[in-house]
There are 2 protein chains.
Amino acid sequence: MHKEMPESDYPDIRELHLFSDMAHDNFMALMRGAYVQAFPPQIELITEGDPSDFLHIVLTGSVDLFCSWNGRETSMATVRPISTFILAATIRDAPNLMSARTLEKSRIVLIPSQDVRAIFNVDNSFARAIVAELAQCYRSVIKSQKDLKLRTSLERLANFLLRQQKRAAGEAGFDLPFEKRRLASFLGMTPENLSRAFKGLQPYGVTVTGTRITIADQSDLEKFAKPSPLIDDHST
Amino acid sequence: MHKEMPESDYPDIRELHLFSDMAHDNFMALMRGAYVQAFPPQIELITEGDPSDFLHIVLTGSVDLFCSWNGRETSMATVRPISTFILAATIRDAPNLMSARTLEKSRIVLIPSQDVRAIFNVDNSFARAIVAELAQCYRSVIKSQKDLKLRTSLERLANFLLRQQKRAAGEAGFDLPFEKRRLASFLGMTPENLSRAFKGLQPYGVTVTGTRITIADQSDLEKFAKPSPLIDDHST
DNA sequence: TTTGACGCTTGATAATTGTCAAATCTTCGG
DNA sequence: CCGAAGATTTGACAATTATCAAGCGTCAAA
């Protein structure tokens, strides 16, 4: 089932900010203990509440982080290559707060959490890289929380579309990066409401054809969305 | 205006997990560069968007962290002694994502952010303590986000009251830790709605008299609130 | 004690969002 | 190409939450 990691994957992982500065030997020690596995779509990799046995890295494909309570479920984030997830739980040796499932066929690296903690204890560069990563993650969630608490669903959608447009190099037309039902959950609304929200943005020049979005006039939409770097710029 | 820190405050700060393991010299270096200041209530200590010039520590009093957008405002957290705030922005040398204001007369320690980053770079124990702190903060926000996305306002209030009751050593009666208007904002609702939400919890044995809350039967309220350690236990 | 200021509550109403059911569209294996 | 399964859309309706305005209570300065 599990396969040792092929060395051909090392460079991609080494390039991650999290691993780029650590000592060679320590990096190799982490890699030697790691597994890589190809998962089909819709496989639950992690269940919230379970202990965090592995630090995960998405090499290809994509992973949905989601949470459940009382029969309800909500999508928290989508992880795309190449990045890690559940770092905080791994470091604290605490139960996972989120579940994770593959959205598509995905290659995932699994690094035993105890190895991560052991190297964290001896490699100072690694420890500092983890600080940078956690600070970044923390700030991202704060931004997301501001988005949720300060904006209506229509405003959240409008700003989401503007962020996506920016990721698409500012092109007027681009494709949604995932299903609408998941987008709805991510934005904290129902699929029905998302459908209506798209219509509600038509007066601001937003056109939807299937998964394809077109923004006629970016500044027009911005007048409504009022994007702020303190909420929408996920790079700082 | 600014006062150098009296050495009598050193032990309290040293006891914080963040500082307890670092080298003596480095701790002293941080303290020597630090200021302590007594602020009256309702003073804005930090404005979101500003660069993070100081790591803050609340010695006495309390501080509200809040965010604004488009004329709206929401309370994100209340900081009580003795703890730090805006660590993530300090470490990343990034603009603050939240504003901060004193809720009451408060003594605040200000440690220049560049000092914190400098010591972070040379003190490995400090770096590791920051990892633990940031991981904890991150997990707290995730829990708060789950609370917001998965629960109705009535459920959020019910669970909030149960958490407060736990903090009050499980006593049936306890006082709200801050104004209702701020509680409403923290829970993501209007003051009017909070007032009605309290009434909505009467059938589950919740009584409100001014700032005093009484929970007649904890298990009765829990049957409605369905608290979960993955949302409500802020110690892990 | 009076007078404001301010926070809290209440009622009426509106806006937003969610639910349910049915219709339509897409996808994909046979 | 067909047809079933699942996603999306739409409409009707209900629940939740916000807004506005008025009233009540408390507290502190005059």
Side-chain angles (χ1 to χ4, degrees), chain A residues 40-42 64 66 69-75 101 103-105 147-161 175-203 206-213 224-225, chain B residues 40-42 64 66 69-75 101 103-105 147-161 175-203 206-213 224-225:
Chain A
Q42 305 299 332
D64 183 41
F66 65 99
W69 178 79
N70 195 26
R72 297 164 214 169
E73 185 179 306
T74 190
S75 175
R101 76 161 74 90
L103 290 175
E104 44 190 318
K105 191 165 176 302
D147 191 47
L148 269 172
K149 289 186 79 176
L150 290 168
R151 289 171 171 164
T152 67
S153 60
L154 201 58
E155 290 164 342
R156 291 200 294 278
L157 175 60
N159 281 290
F160 172 84
L161 294 179
D175 283 303
L176 288 175
F178 35 64
E179 295 173 288
K180 287 178 184 166
R181 63 160 34 247
R182 187 178 333 285
L183 174 57
S185 178
F186 175 72
L187 293 175
M189 54 176 127
T190 57
E192 293 95 329
N193 238 322
L194 175 63
S195 195
R196 292 174 185 119
F198 273 123
K199 289 205 166 163
L201 291 181
Q202 273 178 11
V206 175
T207 319
V208 187
T209 315
T211 180
R212 184 100 190 144
I213 308 291
F224 169 74
Chain B
Q42 305 300 331
D64 184 40
F66 64 100
W69 178 79
N70 196 26
R72 297 165 214 170
E73 185 179 307
T74 190
S75 175
R101 76 162 73 89
L103 290 175
E104 46 191 318
K105 193 166 176 300
D147 191 46
L148 270 172
K149 289 186 79 175
L150 290 167
R151 290 171 171 162
T152 67
S153 60
L154 202 58
E155 290 164 343
R156 291 200 295 277
L157 175 59
N159 281 290
F160 173 84
L161 294 179
D175 283 304
L176 288 175
F178 35 64
E179 294 175 287
K180 286 180 185 167
R181 69 168 20 256
R182 187 177 333 285
L183 175 58
S185 179
F186 175 72
L187 293 175
M189 54 176 128
T190 58
E192 293 96 328
N193 239 320
L194 176 63
S195 195
R196 292 172 184 121
F198 274 122
K199 289 207 164 163
L201 291 181
Q202 273 178 13
V206 175
T207 319
V208 187
T209 315
T211 181
R212 184 100 190 143
I213 307 292
F224 169 74

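In what follows, chains carry the letters A, B, and so on, assigned in the order in which the sequence lines appear, proteins first and then strands, with residues in each chain numbered from 1.
Proximity of A:Asn70 to B:Glu155: side-chain heavy atoms (C-beta onward) are separated by under 4.5 Å at one or more points. Using a 4.5 Å cut-off on side-chain heavy atoms (C-beta onward), B:Leu161 and B:Val206 make contact. Residues B:Glu179 and B:Asp64 have side chains not in contact (no heavy-atom distance under 4.5 Å, counting atoms from C-beta outward).
Picking from C:dT9, C:dT17, D:dT10 the nucleotide with the shortest atom distance to the side chain of B:Lys180 gives C:dT9. When distances are taken from the side chain of B:Arg181 to each of C:dT9, C:dG7, C:dC20, the shortest belongs to C:dG7. Comparing atom distances between the B:Met189 side chain and each of C:dC8, D:dA18, D:dT17 picks out D:dA18 as nearest. Listed candidates were D:dT9, D:dA7, D:dA12. Nearest to the side chain of A:Arg196 is D:dA12. With distances taken from any side-chain atom of A:Glu192 to the nucleotides D:dA7, D:dT9, C:dG7, the minimum falls on D:dT9. Distances from the side chain of A:Ser195 to the nucleotides D:dT10, C:dG18, C:dT17 place D:dT10 closest.
Dashed line: the shortest gap from a side-chain N or O of B:Thr190 to OP1 or OP2 of D:dA18 is under 4.0 Å. Taking only side-chain nitrogens and oxygens, B:Asn193 comes nearer than 4.0 Å to OP1 or OP2 of D:dA18. Contact annotation: B:Lys199 side-chain N/O to C:dT10 OP1/OP2 distance is under 4.0 Å.
Between A:Glu104 atom CD and C:dC28 atom C1' there is a gap of 17 Å when expressed in whole angstrom units. Taking atom CG of A:Leu194 as the reference point, atom P of D:dA7 lies 15 Å away to the nearest angstrom. Rounding to whole angstrom units, CD of residue A:Gln202 and C1' of D:dT10 are separated by 14 Å. Put simply, CG on B:Leu157 is 14 Å from C1' on D:dT17, counting in whole angstrom units. Residue B:Leu176 contributes atom CG, which lies 14 Å from atom C1' of C:dG7 at whole-angstrom precision. Between the CD atom of B:Glu179 and the P atom of D:dT26 there is a distance of 16 Å, rounded to whole Å. Atom CD in B:Glu73 sits about 16 Å away from atom P in D:dA18, given to the nearest Å. If you measure from atom NZ of B:Lys149 to atom C1' of C:dG18, you get 16 Å, rounded to the nearest angstrom.
Atom CE of B:Met189 is separated from atom OG1 of B:Thr74 by 11.0 Å, given to the nearest 0.5 angstrom.
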